[in-house]
Amino acid sequence: MSDSDISPQFSSKMSISDYKKIIQDADNYFNDNFTYIAIDEIVKLRADFFDTLLLHLWECAELTSDNISLNAVGGYGRQTLHLHSDIDICVLFSQTLSPQEESQIGLFFTQLWDLGLELGHSVLGLSEVDKACKEDISTATSLFEMRHLTGPKSHAEEVLSRLYGDNLWSSEAFFNAKVIEQDERHQKAQGSAFSLEPNLKNSPGGMRDIQTLIWVTRKYFSAEDMAALRRFGFFTSDEYSELLESQNFIWRTRWALHAAAQRSENRLLISLQSDVARLMGFGDNSHLAIEKMMRQLYRAMRRISELNQMLLLYFKDELLAQTDKKTTLLNEHFEINSRLINARHDDVFVDRTQLMALFIHIAENADDIDGISPQTIRLIRQVRRRLLGDLQDFHRCRKEFISLFRHPEGMGLALSLMLKHGVLASYLPQWREIVGQMQFDLYHVYPVDEHTHKLLKNLYSLKDKPESASLVQPSAVYKAIENKEVLLLAALFHDLAKGRGGDHSELGAVDAMQFAKFHELKPSQAKVIAWLVQNHLLLSLSSQRLDIYDPSEVKNLAKTIGTKARLDALYCLTVADIKATNDDLWTNWKATLLRDLYMSISFALRNGLENVLEQRTIVREHKNEALELMGMSEISEEIKLLWKRLPLSFFSNAQPSDIARYSQAMIQYPAEHALILLDEGSTKGCSDLFVYMKDKPGLFVTLFNTLASLQISVQQANISKTKDGYVVESLKILDYDQHPIRTAGRRESIKLKLEQVLFQNKKVSKQRLNSNLDSFVSEPKVEFLHSRKKDRTLISVTALDNPQFMSHFCNGFRQFELNIHSAKITTVGEQVDNVFLVSDKDGQSLDDESKQTLKSFFVDFIKEQPTA
């Protein structure tokens, strides 16, 4: 198409309506030819059209003067004038304007407004430029793109000369200001381009990210465009072509969006997406056309975001003076340089397993790393193109992938960077299928991949201090989960089967099971992951549709869930899923419903609905792993005899490493002493205390009171008896400062005190009242649960997290001469949930009268105690 096809024929005798018709005809021409002409040519032709119009109106206003110049700035200055975009112009003058000149300039602007043009304008004296640019980085940035239209050309040259110098903005100050501006813009977009209604201009990977590169390039190299970056070696030819291709797609999308909206609109609204997809040639099949368009758009924005980050890091690393560069060597392949992880040689990813190792290093050094160096990003991009098969094909990659999900910091920066740089898609074929997958409903505000990413981040955040009261319970439950990788992998797969047709929960469960087997997870873990994927909507839908306070409904749910471990994982998954679906969905009301449902099901499971078969599978796996850790291919006779004496609960509640350690200690245990272990390390932020000794009356009460006298709080306890009268007690404890036991001296003093009280029968020191807690205002909740053993009574006691409460309970057991056969103590949030299996002094279960008497004692005794 030649310029003459739209060359306007203007005359001074034309009316406003005549001008408007010519403008409308030109835009109609651009829209009619939108699918046939390259977008970069269209936006330049539109800029050329308005150049002609403005010059004509300038002459009509008789503004031909050596004192005044007309200049295009902003996007119009770059000759990229989109449909309905602002026409940004700047009038410069060298001498004070005369009243006539002011009147003529006013007439010029009035004509433009009368034509209904979207106008951005400024009138500046050359003497005012410095002040305006120093005060406002946006003004300086706009003038950087100044293009002379008419009048003295020296005006524009003088302004650009000042801007390219360091007097107004130094290179470093300008760069830092633009980076801060970009970060703030991204934060307003919630850090993601991948909402269902992305902002084509301001979201990460949008047009502004490209413009930021242009502005920085202009400042550093006095260059008009980014082609200079190839000449200076910052971009390869492939990268430059990729950036232009991505930019042109976003430009075409924006043009179509403005045409569909018939106004300036940068958000790709759902209501306009069908029309935009049709205008861009994706067809009239609404959902399919939208999905094709959006997937390509997300791909373009992700590419731009990656290239933007890479180039800005290059600028920062190579062009700005950095005196605080610090290098930390990680191994022969990687180092940390100025808080960026960097590959130490260019062929590091020839070994594909190093691609996964990179993210393990990021997790392991989370406090010291902010991102990936630009050189390493480039290497990732190069190897990503050459990946012919899946990274899953490499056994070590599979090991590293699971290790990442097991690492406490794996779901932090490491996961985000793996997703951002396309490595997760290279590893997991199912992930590639849901990248940009739209969700055509009223609830989801993100495509499937971004929703899943946010879900994993929500789970990761539960390990920290809750950001609101509604997350206190989920956070406490999450922290208590032993095998968090099971939950996290279920979260990864929960929606990966969307878009295939059929029930995505069932299809996803099949995928998850295959993944778990391929990655050599334990059968019990594989079953739980698949179950969570298949049932990930169970709690959410039940809280919405069922009467969650109906015991029969709760009982049915408890039977479906089967175990407390599944319930805990499903509860956390549900909370994180709702928060990742839509920021407005998670409310205090929703939190309350789920919390009440969780507590009701938890009670039902304790009341005899736990899945015994599931427990036996876990026991078998734990035993096998413990044998491996002890270096045994077959069980020794000593271990066989020991394990035969121990109850199943010892093996199901403890981790294999603990089973191995405790078993080796017990077979060396001298019968005349109490075995007390208090390890240097900590798990789940607690210290492990293990006690093994001959049972005697009131032993549990004595142990608990002794710890309380030492100002040690019990976070979790599993207490059981062997078949020959020994007690096995495994406790997770915190010191007086709510931290694990930190020093060897403190550990030794605790062990010595326990030995004196438990073995030498010394008295426990009297406890001091806790002045920080109004301990006795809240009544404890005492309930009697169903017990499978006819000669045993199962008691549930729920109370505030206060050691004095437990002391009173223990005293009650002693006063009523009850035998404690097992106990499970779990601290969840601000309360302690305790379950005791007891019998009376004759070894029988409690009758109804005894139960009522005991319950009244607990409540009344605590009420009568003086407050601190």
Side-chain angles (χ1 to χ4, degrees), residues 27-43 82-85 189 192-207 242 244-305 422 425 429-452 495-504 507 581-582:
D27 281 344
N28 289 340
Y29 182 88
F30 292 133
N31 285 331
D32 291 343
N33 289 275
F34 168 67
T35 56
Y36 308 112
I37 307 172
I39 188 64
D40 55 344
E41 185 177 350
I42 284 183
V43 295
H82 288 262
L83 193 65
H84 296 298
S85 290
S192 174
F194 311 109
S195 67
L196 295 187
E197 295 182 329
N199 189 308
L200 301 181
K201 191 173 186 179
N202 294 319
S203 289
M207 292 168 57
E242 184 178 321
L244 288 184
E245 178 187 338
S246 300
Q247 170 191 267
N248 288 343
F249 186 83
I250 292 179
W251 280 6
R252 286 178 58 79
T253 307
R254 190 184 189 222
W255 185 287
L257 173 60
H258 284 192
Q262 298 183 15
R263 66 179 187 274
S264 178
E265 175 60 72
N266 290 313
R267 284 183 63 202
L268 188 49
L269 301 172
I270 289 175
S271 59
L272 297 172
Q273 287 175 4
S274 181
D275 289 338
V276 173
R278 177 180 50 78
L279 288 171
M280 293 183 69
F282 284 97
D284 294 325
N285 184 334
S286 184
H287 280 189
L288 182 60
I290 291 172
E291 193 157 295
K292 287 181 178 178
M293 174 188 70
M294 296 302 289
R295 284 191 179 224
Q296 194 165 336
L297 176 63
Y298 291 137
R299 181 168 176 261
M301 296 182 82
R302 197 182 295 279
R303 283 177 161 187
I304 290 170
S305 181
Q430 293 93 336
W431 188 269
R432 293 197 288 272
E433 298 302 317
I434 53 95
V435 171
Q437 173 76 45
M438 298 289 287
Q439 305 195 64
F440 297 100
D441 57 42
L442 298 175
Y443 302 106
H444 291 84
V445 296
Y446 303 103
V448 179
D449 56 330
E450 186 63 13
H451 162 72
T452 304
D495 273 356
L496 287 197
K498 278 192 171 179
R500 295 191 211 164
D503 187 328
H504 76 279
L507 295 173
T581 298
N582 185 324

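The structure displayed is predicted, hence computed values, not measured ones.
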* To do: Specify the closest pair of heavy atoms between L279 and T35, including all atoms of both residues, with the distance to one decimal.
  => O-CG2, 3.4 Å
* Measure across I304 and G206 and return the closest heavy-atom pair with its distance rounded to 0.1 Å. => CG2-O, 4.1 Å
* Asked: Between S246 (side chain) and E242 (backbone), is there a donor-acceptor pair under 3.5 Å?
  -> yes
* Structure fact -> Heavy atoms of N33 and I42 approach each other most closely as O-CD1, 4.2 Å
* **For H258, all residues meeting ring pair (Phe, Tyr, Trp, His ring centres under 6.0 Å), sequence neighbours excluded** => none
* To do: State which residues pass ring pair (Phe, Tyr, Trp, His ring centres under 6.0 Å) with W251; sequence neighbours excluded, sorted by chain then number.
  => H82
* Please determine if R303 and E245 form a salt bridge, counting it only when a charged side-chain N lies under 4.0 Å from a carboxylate O. => yes
* **Those residues that, when tested against Q247, pass side-chain hydrogen bond (donor to acceptor under 3.5 Å, both in side chains) (two or more places apart)** => none
* Apply side chain to side chain contact (heavy atoms under 4.5 Å, CB included) to M280 and F249, showing your working. => CA-CA 10 Å; M280 293 183 69; F249 186 83; 3.7 Å; yes
* Mark yes or no for whether R278, through its side chain, and D284, through its backbone, hold a donor-acceptor pair below 3.5 Å. => no
* Asked: Taking R254 as the fixed residue, which of L83, L200, I39, V43 is the one that meets the side chain to side chain contact (heavy atoms under 4.5 Å, CB included) rule?
  -> L200
* Do the side chain of E433 and the main chain of G499 share a donor and acceptor less than 3.5 angstrom apart? -> no
* Asked: Can you tell if the side chain of L268 reaches within under 4.5 Å of the side chain of L297, non-hydrogen atoms only?
  -> yes
* Structure fact -> Heavy-atom nearest pair, I250 first then A300, reads CG1-CB, 4.4 Å
